[in-house]
Amino acid sequence: MNHYLAIDIGASGGRHIIGYMQDGSIKTKEVFRFAHTVQKQNGSLVWDIGQLTENVFTGLRLAGEAGFIPDTVSIDTWGVDYVLLDKNKKEILPAYAYRDARTQPIPEAVHALISPQTLYEHTGLQFQPFNTIYQLYCDRCSGKLKEAAYFLLLPAYLSFKLTGCLQNEYTDASTTGLLNARTQTWDSDIIRALELPDHLFTPLCRPGDVVGYFTEEAAQKIGYRAKVLAAPSHDTASAVAATPLSENGIFISSGTWSLIGRETKAPILSEQARCANFTNEGGISGIRFLKNYMGMWLFQSIRRCLQSPPDYQQTMRLAADSKFTQTFCVNDPSLNAPDNMIAAIETLLGQNDLPLGDLFASVYRSLSEGYAQSIEEIEKLTGKPADCIYIVGGGCQDDFLNRLTARLCGRPVFAGPVEATAIGNIVCQMIACGEIADLPSAREIIKQSFHIKKIQA
């Protein structure tokens with residue numbers, strides 16, 4: 001029996017999940033889970049990549065100690081962020097977090113060189129002030145790129161720490177604003193226009209490609225040697241791979257971010273799509289045409305403001321009991337990384353000292369209204385009606401949000417699987433190793449292997 005290990009890391013925590021086939025079904029077992037968060041350093045928001053790397057190694061070691069030595073390992077994380085290395089392959093720190101405010105003035109400077117319309121025609125990427133393109137241009141302006149010999153998106157960096165191999169992967173590269181949506185390769189026109197060093201942008205690997213094997217040093221630390229494959233290394237690409245979509249289905253990948261979209265065969269690069277701020281990102285199967293909304297980040301940030309935060313069940317009950325109906329734009333820039341999320345939301349609502357139930361109700365209603373609006377836009381931009389909605393990821397456990405979504409969207413809604421990102425990572429490994437034929441076959445197996453709940457509005 002082959003064992004496949006998914007290292008799935010989101011912006012607030014990570015998990016190591018073993019997957020294997022048994023009696024025609026996919027079985028999973030969590031062997032390690034860890035929390036991590038953005039750190040404040042000298043007034044900036046950064047990632048503790050040393051601790052993140054240690055957690056990757058710890059989970060691998062614990063998998064072996066639990067009797068699940070994996071045949072293959074793949075890593076997925078959130079998109080956009082990266083680590084720079086010098087010519088000796090040493091980290092050029094800090095590794096900034098995308099929520100850091102350093103890029104706030106940068107889009108204007110970039111757009112003076114390349115218009116937003118031209119950027120979208122090339123990349124199909126939605127505008128976010130923290131996209132990699134703006135972060136790297138910020139590094140160029142600060143002089144940080146002068147010593148940089150290698151640019152590694154975060155999953156590629158963690159794979160490098162295991163294998164010594166330096167290779168970015170396509171789905172994660174598609175989140176940068178530097179990838180041509182048509183050719184699916186780095187866009188040399190944009191790179192030249194911004195005077196970014198060409199040598200940073202080496203050829204990309206694809207999901208399922210072999211990255212390398214654990215180095216001797218890594219193997220000694222972990223206790224065994226394994227092969228590392230490229231996952232769909234942007235976590236949403238892995239989550240969508242595990243979503244049992246119908247041809248006209250819509251996915252909502254619900255976690256720190258909510259990502260609402262559908263798979264398309266080709267990018268949609270129209271001016272209407274740009275103005276609606278939709279993005280075209282890579283997947284195992286075609287393009288993920290989607291829109292980003294701040295998701296569980298809002299609830300997570302509210303809890304950090306409270307001395308005794310309610311758990312998720314209490315949060316749902318408080319919101320369900322509230323009659324408060326006022327909403328706000330969940331993607332307002334003031335919510336990106338506020339010192340106090342409650343105060344930031346109350347400012348948008350023009351309220352003070354809202355009861356907690358009313359605050360939560362407003363977040364729920366604002367999110368579900370955003371979902372409904374996005375689905376209408378997707379139908380219009382793709383020219384196809386949606387027949388059902390699949391909500392996957394940790395946020396799919398929020399029954400109140402699921403029911404609001406079903407009510408507002410007026411379509412069948414299904415919730416699950418919960419660990420979609422890790423499952424998508426695992427099935428990509430299984431496809432690469434020949435245990436599953438292809439993605440449609442994998443999705444049929446996922447339907448039979450994991451609990452998927454139909455939501456009653």
Are [X] and [Y], when compared by the centres of their aromatic rings, separated by less than 6.0 Å?
{"X": "Trp78", "Y": "His36", "value": "yes"}
{"X": "Phe151", "Y": "Tyr82", "value": "yes"}
{"X": "Phe278", "Y": "Phe289", "value": "yes"}
{"X": "Tyr4", "Y": "Tyr20", "value": "no"}
{"X": "Phe299", "Y": "Tyr364", "value": "yes"}

Item to complete: Return the set of residues passing side-chain hydrogen bond (donor to acceptor under 3.5 Å, both in side chains) with Arg407 (not counting sequence neighbours), or none when no residue passes.
Response: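 Here no residue qualifies.
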
Does the [X] side chain pair with the main chain of [Y], one donor and one acceptor, at a distance under 3.5 Å?
{"X": "Tyr293", "Y": "Gly370", "answer": "yes"}
{"X": "Ser322", "Y": "Ala319", "answer": "no"}
{"X": "Thr132", "Y": "Val80", "answer": "yes"}
{"X": "Asn168", "Y": "Cys205", "answer": "no"}
{"X": "Glu376", "Y": "Gln373", "answer": "no"}
{"X": "Glu108", "Y": "Pro105", "answer": "no"}
{"X": "Thr327", "Y": "Ser366", "answer": "no"}
{"X": "His16", "Y": "Val56", "answer": "yes"}
{"X": "Thr77", "Y": "Leu154", "answer": "no"}
{"X": "Thr243", "Y": "Leu245", "answer": "no"}

Within-4.5 Å side-chain heavy-atom neighbours: [X] and [Y]:
{"X": "Asn180", "Y": "Thr123", "answer": "no"}
{"X": "Ile222", "Y": "Phe57", "answer": "yes"}
{"X": "Ile190", "Y": "Ile114", "answer": "yes"}
{"X": "Ile455", "Y": "Arg403", "answer": "yes"}
{"X": "Phe400", "Y": "Thr315", "answer": "no"}
{"X": "Ile287", "Y": "Glu263", "answer": "no"}
{"X": "Asn331", "Y": "Leu335", "answer": "no"}
{"X": "Arg411", "Y": "Asp387", "answer": "no"}

Looking only at non-hydrogen atoms, find the nearest pair between [X] and [Y] and report the distance.
{"X": "Pro232", "Y": "Ser238", "value": "O-OG, 2.8 Å"}
{"X": "Gln167", "Y": "Leu152", "value": "N-CD2, 4.0 Å"}
{"X": "Glu281", "Y": "Leu125", "value": "OE2-CD1, 4.0 Å"}
{"X": "Ile69", "Y": "Gly64", "value": "CG1-CA, 3.9 Å"}
{"X": "Ile342", "Y": "Asn340", "value": "N-OD1, 3.0 Å"}
{"X": "Thr382", "Y": "Ile268", "value": "CG2-CD1, 3.6 Å"}

[Y] versus [X], side-chain donor and acceptor atoms under 3.5 Å:
{"X": "Ser334", "Y": "Asp332", "value": "yes"}
{"X": "Asp187", "Y": "His122", "value": "yes"}
{"X": "Arg288", "Y": "His234", "value": "yes"}

Once rounded to the nearest 0.5 Å, what's the spacing between atom [atom1] of [X] and atom [atom2] of [Y]?
{"X": "Ser233", "Y": "Asp76", "atom1": "OG", "atom2": "CG", "value": "7.5 Å"}
{"X": "Asn336", "Y": "Leu45", "atom1": "CG", "atom2": "CG", "value": "9.0 Å"}
{"X": "Leu356", "Y": "Leu306", "atom1": "CG", "atom2": "CG", "value": "5.5 Å"}
{"X": "Glu444", "Y": "Asp438", "atom1": "CD", "atom2": "CG", "value": "10.5 Å"}
{"X": "Leu178", "Y": "Asn131", "atom1": "CG", "atom2": "CG", "value": "9.0 Å"}
{"X": "Ile260", "Y": "Lys291", "atom1": "CD1", "atom2": "NZ", "value": "8.5 Å"}

Discussion item. For a side chain to side chain donor-acceptor pair (under 3.5 Å) check, start with the C-alpha distance between Asp81 and Gln135, then their side-chain angles and the critical distance, and finish with the verdict.
Written reply: CA-CA 8 Å; Asp81 286 343; Gln135 292 200 52; 3.0 Å; yes

Worksheet item: So Gln326 and Gln351, side chain to side chain donor-acceptor pair (under 3.5 Å) or not? Walk me through it.
Response: CA-CA 10 Å; Gln326 195 174 341; Gln351 300 281 346; 3.0 Å; yes

Do the charged groups of [X] and [Y] touch, with an N to O distance under 4.0 Å?
{"X": "Asp339", "Y": "Lys40", "answer": "yes"}
{"X": "Lys380", "Y": "Glu377", "answer": "no"}
{"X": "Lys323", "Y": "Asp358", "answer": "no"}
{"X": "Glu247", "Y": "Arg262", "answer": "no"}

Discussion item. Assess the residue pair Arg317 and Asp321 against the criterion (salt bridge (Lys or Arg N to Asp or Glu O under 4.0 Å)); give the C-alpha distance rounded to whole Å, side-chain angles, the decisive distance to 0.1 Å, and a yes or no.
Written reply: CA-CA 6 Å; Arg317 283 196 295 272; Asp321 291 341; over 6 Å; no

Worksheet item: What pairs with Phe127 under ring pair (Phe, Tyr, Trp, His ring centres under 6.0 Å), at least two apart in sequence or on another chain?
Response: His111, Tyr134

Practice prompt. Could you check Met341 against Arg304 for side chain to side chain contact (heavy atoms under 4.5 Å, CB included), going step by step and ending with a plain yes or no?
Written response: CA-CA 8 Å; Met341 181 62 81; Arg304 282 194 284 271; over 6 Å; no

Fill in: Geometric cation-pi criterion, Arg102 with Tyr96: 6.0 Å, 45°
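Yes, a cation-pi geometry.
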
Worksheet item: How far apart are the C-alpha atoms of Thr171 and Ser174, what are their side-chain angles, what is the distance that settles it, and do they pass the side chain to side chain donor-acceptor pair (under 3.5 Å) test?
Response: CA-CA 5 Å; Thr171 67; Ser174 72; 5.8 Å; no

Discussion item. Asp8 and side-chain contact (heavy atoms from CB on, under 4.5 Å): which single residue from Ile423, Ile17, Thr421 fits?
Written reply: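 So, applying the side-chain contact (heavy atoms from CB on, under 4.5 Å) to Asp8 and each of Ile423, Ile17, Thr421, only Thr421 qualifies.
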
Discussion item. Can you confirm whether Arg182 is buried at CZ, in the sense that more than 12 heavy atoms of other residues, nucleotides or ligands lie under 6.0 Å from that atom?
Written reply: no

Discussion item. If you apply the rule side chain to side chain donor-acceptor pair (under 3.5 Å), what do you find for Ser362 with Arg365, and how did you get there?
Written reply: CA-CA 5 Å; Ser362 182; Arg365 293 181 187 281; over 6 Å; no

Item to complete: List the steps and the verdict of side chain to side chain contact (heavy atoms under 4.5 Å, CB included) for Asp398 and Ser254.
Response: CA-CA 10 Å; Asp398 195 312; Ser254 181; over 6 Å; no

Worksheet item: Can you say whether the rings of Tyr390 and Phe414 are parallel (under 30°), tilted (30 to 60°) or perpendicular (over 60°)?
Response: parallel

